[in-house]
Amino acid sequence: MSISKTYNPKDAEDKWYAYWMEQGFFRSVPDGREPYTIVMPPPNVTGVLHMGHMLNNTIQDVLVRRARMQGKNACWVPGTDHASIATEAKVVAMLKDKGIDKKDLTRAQFLEYAWEWKEKYGGIILKQLERLGASCDWERTRFTMDPDLSEAVIDAFIRLYRKGYIYRGVRMVNWDPQGRTALSDEEVIRREVDQTLYYVKYAVGDATGEHPSYLTIATTRPETIMADTAVCINPNDPRYAHLRGKKAFVPLIDREIPIIEDEYVDMEFGTGCLKVTPAHDLNDYELGQRHNLPVIDILNDDGTLNEHAEILVGEDRFRARKAIAKLLADAGHLEKTEPYKSQVGFSERTDAAIEPKLSMQWFCRMDELAKPALDYVLNGEVKLIPDKFVNTYRHWMENIKDWTISRQLWWGQRIPAWYNAQHEWVVAKTAEEAEACFAAAGKPSEGLRQEDDVLDTWFSSGLWPMSVFDGTRRPENPDIDYYYPTNDLVTAPEILFFWVARMIVFGHEYRGLPPFRNVYLTGIVRDKLGRKMSKSLGNSPDPIELMERFGTDGVRVGMLLSSPAGNDLMFDEAYCEQGRNFANKIWNAFRLVKGWDAADVPASPAQREAADWFAHRFNQALAEIDAHFAGYRISDALMATYKLVWDDFCSWYLELVKPAYQQPIPRETLEATTTLFESVLKLIHPFMPFISEELWHDELFGTREETDCCIVAEYPKGNAFDERELAAFATVQQVVSEIRNIRNTKQVSPKTPLPLAINASSGIDFGRYAESIQKMANVSSVSFGETKQPGSTTFLVGTDEFSVDLAGNVNVAAEKERIGKEIDYLHGFLKAVDAKLANERFVQNAKPEIVANERNKKADAEAKIKILAEHLQNLEGS
RNA sequence: GGGAGCUUAGCUCAGCUGGUUCAGAGCACCUGCCUUACAAGCAGGGGGUCACUGGUUCGAACCCAGUAGCUCCCACCA
């Protein structure tokens, strides 16, 4: 039979994923085993799979698969997030394409479209995750707007309201004119923007209405001058002392406003005169509060000017800015303009420039709630990985502000507050309860109307680790009891505050326990030039296409190879290629073993030594891998596995046991090999589930029961290993390597067998390894004792001497030079060691073992020099 | 403006409490091999004043201070 020379991933991937599903291996229900739980950060329903998801979910799958193999009851809960503003924006855009304006729809009609949209596109990303091999318990798939999850959100709102955390008030909020909703501070991204600073002249007068002079203010937002309700100067500013008590007149509309004084004004900046626009700037709002200024709001919700502006009504704010500039210039009110850079806020979801806007919003008071959530992280009950994020987290939690939780959207959980005709309100779960509440308060409930606003998406995702197990509505249910707190959360640092902190807050509030023990923060996936992946740059590879090209296992390996926790990773397709090559290497190792015919003959010494050695080496590597996993160094764990397989198993073990061409292999060796191979497959499985499962079922490993799959095989347990055996073998490897090197430099073909002489003093029994060395280095004979035959070249490993007979093919002069150089180097080395040992302070202060070691180094160097000198002398004689 | 972090081979990164094993790994590179498992491969090899300057120490990639460059987070200066 013939097996393909390269691994063909496609066949294996569909087959085994379907098989795992069929066998129910992903399913988890509470039982007597230790649980291992991860809740997936729910991707937006609007989303399609991008590289960030790939990284994130690969890591989760590795953790889950390993835990499952370790005999834990592994439960990975998938789901999606309704992402209120992002989704609503998409639905609005979709409707617009159809010629439908959201304004013309009722709430119910709009929601119908939105749900339709969600049903159509909402599952795409989860389907794509199957392709990645994600071993989620799909029966537990949840959506943050599933009826029970929505109910949990409503209950949480009521609960927090009753505890006094939620309040309603007029505040300056971040207004997204495109999404037409308020945003929390966290959803605003500030960027430096090139702007223009406009110097605008305001007429100054007194009560007589005359305009004898002008003052000039500098502003980046001339379109808001119509909302000015004062001009402010610094009381300590002598330049403007003459303006005290005077009035200024807003240009173009000629409205009279007071000139006020406040030390808030920076005399150095601009002209030292500030226009005060309480409706459209947070600082101005506060200034206005102090000075009892009226508030004139000239903007509509969509960012166009309203009738209060008097001019340019209906014009968009940015167009209005240009128009105003021209009007001011024409009227002689524009003194000059200059370029200016400043920070502008943008909506995280719609990228629209944020408009500070006064509005009635709902808030959640955070100070008290944040305290225990901070403590969990500070005292290590919740570990952040890497821990450098602890500082950031602390800083944020200690300076936390109240959370704007209302959003002026329809897609989401509608706030359970109810108004009567008098605009009085109560918080209640249903209309009936609301009526009862009004009645109890002796208030009328006529004209009962529910709050229009919905809750911030993060309010629902904050409950996610509990709500997926119905843990807030039914806090005693077996699922939440068993799975909560979950073990690991894998997510991006960007949402540490948005999401992680709020989950901890809610987790404590409901259960007095944090929702997870470890938070693994992945980096941002960038391109190899370090740029963020973005659609506009076109530098974001399509994950599905990558999997087509390199195989899923290859891409998984590629994602992990370069992704230490918390560091951004420069994604390069070359990593996927490396992953694919690795899969191919494993495939070919399998092909080799598969091709062997067993015979009932005894194993050779090399074969036995190899099996012994690899067993030790395996356990050593396993200990390293386990340690890496314990520290969440997933890429290191993978690299250790990679080297074990490629270098130790393929390059050494298989080469050592490999029978000569067309020779059979001893049955015991074949059996030892398949057993070791099986263990290797288990180690590989969490990283490369498909190829490991594919090979697992080959008849090479015997016939298997239906349920005997690699995915549920018992993960190897670390056994003790003998360091001395490993060290001895490492020496053997070095010897082989030296001989190969000699061939290379002397240009002796690997096909030419060479005799080797050994003169060992280290106590290593090279006799045991003679056959191994012969096989690996194509040595014709191994003799012990004299190593200084003429016509041979010599080398040292430690203080053991070796010589390879090159049948006179030796350049004596070059040989002498080489040995001479080596002796020179050792002399230099010895000098440094001697200097150290001659230093009394070193001998006194350093730890005894350090000093002893220096003495060893000295003795070692001296011994080597002696041997080399003899060789040199020998060469002189020849 | 405040806070955190980073700078080690061409690239991406390890280097735990300062001292064997301390200058490492993978990839890339160079040389030689189409050796019947694998050229997606095999064997071998060359690359680094550990950003810079000073200090502490018998001893510094590692500790301290300063300098330069980079990154991220937070922040209401028009």
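Atoms considered below: every heavy atom in the structure, side chains included; atoms not considered: hydrogens, waters and symmetry mates. Chain letters run A, B, ... following the sequence lines, proteins first, then strands; residues in each count from 1.
No salt bridge links A:Lys847 with A:Glu849; every basic N to acidic carboxylate O contact stays at or beyond 4.0 Å. Ion pairing between A:Arg221 and A:Glu355 holds under the 4.0 Å rule for side-chain N and carboxylate O.
The aromatic rings of A:Trp652 and A:Phe729 stand perpendicular to each other, their planes meeting at an angle above 60°, with 30° marking the opposite boundary. Ring geometry for A:Phe701 versus A:Phe590: interplanar angle under 30°, hence parallel rather than tilted (30 to 60°).
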Distances under 3.5 Å between nitrogen or oxygen atoms of protein and nucleotides 70-72 of chain B:
none

Between the protein and nucleotides 16-20 of chain B, which nitrogen or oxygen pairs come in under 3.5 angstrom?
residue: B:U20; atom: O4'; partner: A:Asn853; partner atom: ND2; Å: 3.2
residue: B:U20; atom: O2; partner: A:Asn853; partner atom: OD1; Å: 2.4

Just the atom pairs and distances: protein N or O near nucleotides 44-47 of chain B's N or O, under 3.5 Å.
residue: B:G44; atom: OP1; partner: A:Ser737; partner atom: OG; Å: 3.2
residue: B:G44; atom: O4'; partner: A:Asn744; partner atom: ND2; Å: 2.9
residue: B:G44; atom: O2'; partner: A:Asn741; partner atom: OD1; Å: 3.1

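For the segment residues 636-644 of chain A, the set of residues with a heavy atom within less than 4.0 Å of an atom of RNA chain B comprises A:Met639, A:Tyr642, A:Lys643, in numerical order. The stretch residues 655-665 of chain A touches RNA chain B through A:Glu655, A:Lys658, A:Tyr661, each having a heavy atom within less than 4.0 Å of the strand.
Considering only side-chain atoms of A:Lys388, the nucleotide from B:C38, B:G5, B:A40 that sits closest is B:G5.
The salt bridge (Lys or Arg N to Asp or Glu O under 4.0 Å) check on A:Arg591 picks up nothing, with sequence neighbours excluded. Checked against side-chain contact (heavy atoms from CB on, under 4.5 Å), A:Glu723 has the following partners two or more places apart in sequence or in another chain: A:Gln620, A:Phe721. Taking A:Tyr198 as the reference, nothing meets the ring-ring contact (aromatic ring centres under 6.0 Å, His included) condition, with sequence neighbours excluded. A search for salt bridge (Lys or Arg N to Asp or Glu O under 4.0 Å) contacts involving A:Lys831 returns nothing, not counting sequence neighbours. Residues satisfying the salt bridge (Lys or Arg N to Asp or Glu O under 4.0 Å) criterion with A:Arg394, sequence neighbours excluded, are absent altogether.
The shortest distance between the side-chain N/O atoms of A:Trp646 and the OP1/OP2 oxygens of B:C42 is below 4.0 Å. For B:G41, the OP1/OP2 oxygens have a side-chain nitrogen or oxygen of A:Asn581 closer than 4.0 Å. Listed pair A:Arg841 / B:C58 meets the phosphate criterion, a side-chain N or O lying under 4.0 Å from OP1 or OP2.
Proximity of a side-chain donor or acceptor of A:Glu335 to a complementary backbone N or O of A:Tyr199 within less than 3.5 Å is not detected.
Shown are A:Phe582, A:Phe550, A:Trp587; of these, the ring-ring contact (aromatic ring centres under 6.0 Å, His included) with A:Tyr7 is made only by A:Trp587.
Remark: A:Arg617 fails to qualify as a cation-pi partner of A:Trp646 under the 6.0 Å distance and 45° angle criteria applied to the six-membered ring.
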Dot-bracket notation for RNA chain B is requested: 5' to 3', Watson-Crick or G-U wobble pairs only, both distances under 3.5 Å, with ( ), [ ], | and . as defined.
-> (((((((..((((.....[....)))).(((((.......))))).....(((((..]....))))))))))))....

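With hydrogens and angles ignored, a donor-acceptor pair under 3.5 angstrom links the side chain of A:Lys585 to the base of B:C38.
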Which letters describe nucleotides 73-78 of chain B, given B = protein heavy atom under 4.0 Å from base, S = only from sugar-phosphate, - = neither?
-> S-BBBB

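A donor-acceptor pair shorter than 3.5 Å can be found between the side chains of A:Asp228 and A:Thr277.
Backbone-only engagement by A:Ser651 is indicated by non-hydrogen atom pairs under 4.0 Å involving sugar-phosphate atoms exclusively.
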